[in-house]
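A note on names: the letters A, B, ... follow the listed sequences, proteins ahead of strands, and every chain is numbered from 1. Bear in mind that the values here come from a model prediction, so they are computed numbers and not experimental data.
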Amino acid sequence: MSIVPKETIEVIAQSVGIPTLPADVSAALAPDVEYRLREIMQEAIKCMRHAKRTVLTADDVDSALSLRNVEPVYGFASGDPLRFKRAVGHKDLFYIDDREVDFKEIIEAPLPKAPLDTAVVAHWLAIEGVQPAIPENPPIDAISAPTENKRTEHVKDDGLPVDIKLPVKHILSRELQMYFDKIAELTMSRSNTPIFREALVSLSKDSGLHPLVPYFSYFIADEVTRSLADLPVLFALMRVVQSLLRNPHVHIEPYLHQLMPSMITCIVAKRLGHRLSDNHWELRDFSANLVASVCRKYGHAYHNLQIRLTKTLINAFLDPHKALTQHYGAVQGISALGTSAVRLLLLPNLEPYMQLLDPELQLEKQTNEMKRKEAWRVYGALLCASGKCLYERLKLFPGLLSASTQPLLRSNKRVATNNPNKRKSSTDLSASQPPLKKMASDVLMSSMSSAATMAGNMPGSMDGFSTQLPNPSMMQASSSGQMADGIAAAGLIRRDQGGNQHAQMVSTVLRQAWKEDQDAGHLLASLHDVFGEAIFSFIQPPEISFFL
Amino acid sequence: MEDEEMEKKVQQYLHRKGFRLTELALQEERNRLSTTSLSDVSLSRSDNDPARYYDGYNKLRTWAYNSLDQYKHELLRVLYPVFIHCFMDLVAEGHTQEARSFFHTFREDHELMHSRDLQKLEGILSPLHLEEMDLARSLRENKFRIKLCEYSYELLLQYLQKTQALVMLGIINERIIFEVSAGQPSLISDDADVVALVGTSKDLAKQINQKEVHWGLLEDSVEERMEKALSDSDKTEAESKDADAEDNNKKKSSEGGKQGGPLKKLKKDKVVGATGKNNKSEASMVSAAPRVKPELTLPATPVEVEQSILEDLRNRAQLNNLALPSVSFYTFLNTHNGLNCSSISNDGSLVVGGFSDSSVKVWDMAKIGQPAKTSSSQGENGSSQGEHLSSTSEGKRPYTLFQGHSGPVYSAAFSPFGDFLLSSSSDSTIRLWSTKLNANLVCYKGHNYPVWDVQFSPVGHYFASASHDRTARIWSMDKIQPLRIMAGHLADVDCVQWHVNCNYIATGSSDKTVRLWDVQTGECIRMFIGHRSMVLSLAMSPDGRYMASGDEDGTIMMWDLSTGRCVSPLAGHNSCVWSLAFSCEGALLASGSADCTVKLWDVASSTKALKMDDTKAGSTNRLRLLKALPTKSTPVYNLRFSRRNLLFATGALSLGS
């Protein structure tokens, strides 16, 4: 009959001290209880409406009870929402989680902060029907506008006024137009001035820029394709993208499809900038990080975003006909996506690729200085990416080092045979090469190892790591030859340290013979195969902690 | 006895002949009959006391009127058939005298809906008449069909069983067929043919709406004089107009701070000045309305107030579907869910909030508006805290606190000139406060239950209140007793609004109807049926012809007062419509809702269409939504157009709810 079952009445009767309630009494009470409940709820809802609320609170029920001259139910403050818990074993039975409270705790607790007093503030919700883009107003949804425009009302023949909405142009206020023009001008011509930096701050903070986003995305896409030869402009454009991505008031998702190609272009384009001295490596790194941040932010919403990106990158990486600069970009792009991307995409292809890269690295095989320099860059990037991956793995499995014993032992011989070769080649290199080239390779090594220590210092923060990568030594590389010696020396010292490390490690490896996680062990071994001892600089920090 | 013997014989016959199936069927049928007759509690007519009809019906009626709002209209439907059958039974039994007195006692209930039938039935004086009259015969021969929802039906059965109301049960069993449907009760407006609420079947509600409504404006109002002056000045000094407008602008800028945001105003003033012609033609829509004499003695308007009104009227921004208003939004911060109502004075300089902790707080926006303006660029929170700090450091609150109520304050309203403030509370009192003296002047006690709404009349002095006790009352400031009590709603009166000419008030109720009452006679002269939920807000168009009402579901309905019909339902909001406001010349309707939007509707086009084709334009005609202005998670509590057509809105910031 009623939604209140008789059993409930019986239970309630028991709880107030009536052990056996006659069946007909509970049957008669049940419908009445339901009626009273409905009545109280009806009044409570009225109270809620008149308090201009849409959520019923315990206060409303109390005032409804007092309307009916019933004592209110005590103990339910409206301050915080009631916590209902599901009774174990029942699908739709709930109870209120009413914990016992220690009086002492309450008395000794510090006084809560006094709530702020009510205040009234005024703002313009609309000016002549148009909502100004100020923080007090919700961001204007430019996306919904087109759908509204599509709806046209049909002309009726009874002469009623009809409004046919024409395909309305997107109306941009004069202020926004000026803003856009100014930003565009700064980006194109004065990207190294302090005012451009201010502009970037404004782009990353100001609300109300949303209507400009389509214009910006078009502008960026357009300009990137047009000024591939102009490195400062490309850099400025990427900075604009970065600022827009950072702006919390901008809803950039719908425009990502326009921005992504431009960013990827800045990673894997064959040529960026027209002069030799242009440091396009830095731009590639910057854009790689940008793309990686996009993936982190929107990857969950667009599942194929990262897939498409990695596909593009890996294609660039695996195509031997592509330029080394493109390979470099692809490696950096993948490495920015995180160690798992590196492990899945780069490492399996590492060995064949190194065979491809090897001749380019050596002086006798590759005579073009430029090409060789590029090859060393790629080598460095690969080393860095895989080293970082290894570092992460080691951090995850501290026991992994010991696990790698067996394969390492096996490969040790090869290392021994391999290594002198390599070192010889590099020493040859340093001996015979003109200072510049020698410096380039050494600087690379040293920067790698310093980057590795860096990574040790701030593990997990990829941003810091990768932006550090093109560190000052790179810049100096092209400019000052004198610095080279010092850096090279540093590099050698590092290498020696690496050697020591190597020796130490072998001994530990000998001492502990475990046979787990062969896979991970293989990783180290194969990386060692490929890179030689340079890779050991990446396991330095945990190693040290291991021994101390 | 004969029947039983016969049955026995039949059964024996069937048995003998071997008609097994037929025999079974017969038995089954007999069983069913006997059970139904059991449940129907066969009526014993041995007791011949005619008073039992009276008592039974009276009790049933009282019960139905006091039932739950949600199911009430369904239960009330049952009353009419019971009523006429009680009457006819009485006549049939020969108690003519009792029948007549019974008929006259209760006929009022059904007068509104069934007056034609009642007039016919009234003539029945003897059992013979019952046979002769077509209507009575058909009524007695046919059964009423009434749709009920499950729970209503259950309630009715429970009542009948509990009270042992055998007479009523008999009539209901005999004369009414219930069509019980699962789920929620049907909506009043859905079935026009079925007898609905008292006085509210669709065609018959018309009868109440036959009464005359003088919806015109008051004669000799300030506006009218203003218009005359305008047209005069148009004729004589058309060329000096620009200079005049310029002058106004200067004056404007000097007193600009008063409106909270004067900058934009100046621009608009210029527009108005330039398009004086346009102004006149638009204003004629209002002026075309007929004039009526006031029924109340109206208070005199002070000269300086009149001057400022004239000033405002001259500087009014012209609004239509192309020129939308500026909206100034007052956001309440840190209300901790305690703000129940808010209201804005006519010039937008004062804002009042009524809180659930019984306090009433008034902010003078002209004073704090300026610092708030400058710091608002730094963001909402910063400015509010800054304000708060500065005020506490001076040891003064930024608002005036009025304390006196002993329960949540549900409504507050400023007098037209902003010098008085009314507040109503759940402690069933209304209090009058002076904003000049910052003190409580009068406490009006009269309602017995929480007062949901209170509104000043457009000329001040008088005010109307709406309460949980199902009445609306008219008061004047100088008397502590109500002048009129409007009773008739079947549930709480939730909102009240004055007609522009002060001769009528409109009330919206939880019984899902809106009623129009004559202030002088206290009679209900219009009933507007169509809402599907509790009516929360009302607004009258400035020309006095239309009324808008908003409900719990977010539907807004536009009513023509003279015909009592719905001009156009507006669907757009998806939550409670807390507030409605017409622009000063009636071209736009603004609605504020719990869905955190202010919406602007084009009134002019739809009403024009209606004038063009008065008979055809029914509910098919829709009001056009011009603009939806979303707020930042701030439900809109109140809206008001200033006399210069600047729209003010208030709301409490509710984050995380």
Heavy-atom distance under 4.5 Å between the side chains of Ser575(B) and Thr54(A), does that happen here?
yes

A side-chain contact here means heavy atoms from C-beta on lying under 4.5 Å apart; do Ser510(B) and Lys46(A) qualify?
yes

Under a 3.5 Å distance rule, please check whether [X] uses its side chain to pair with a backbone N or O of [Y] as donor and acceptor.
X: Gln131(A); Y: Pro630(B); answer: yes
X: Ser326(B); Y: Glu128(A); answer: yes
X: Gln42(A); Y: Asp69(B); answer: yes
X: His336(B); Y: Thr118(A); answer: no

Can His50(A) and Asn340(B) be counted as having a side-chain donor-acceptor contact under 3.5 angstrom?
no

Tyr151(B) six-ring face occupied by Arg38(A) cation (under 6.0 Å, within 45°):
yes

Given Leu67(A), Ile134(A), Val130(A), the one with more heavy-atom pairs under 4.5 angstrom with chain B than any other is Leu67(A)

Could you work out, with ring-ring contact (aromatic ring centres under 6.0 Å, His included) as the rule, every residue matching Phe94(A), not counting sequence neighbours?
none

Turns out that what part of Glu39(A) lies under 4.5 Å from chain B's heavy atoms comes down to both

Quick one: list whatever passes side-chain contact (heavy atoms from CB on, under 4.5 Å) with Val33(A), sequence neighbours left out.
Val4(A), Ile9(A), Leu37(A)

Ignoring hydrogens, what is the shortest heavy-atom contact between Trp578(B) and Arg49(A)? Give both atom names and the distance.
CZ3-O, 3.3 Å

Side chain, backbone, both or neither: which part of Ala323(B) has an atom under 4.5 Å from a heavy atom of chain A?
neither

Does any backbone or side-chain atom of Leu536(B) lie under 4.5 Å from a heavy atom of chain A? Answer side chain, backbone, both or neither.
side chain

Looking at Tyr399(B), Tyr410(B), Trp452(B), which makes the most heavy-atom pairs under 4.5 Å with chain A?
Trp452(B)

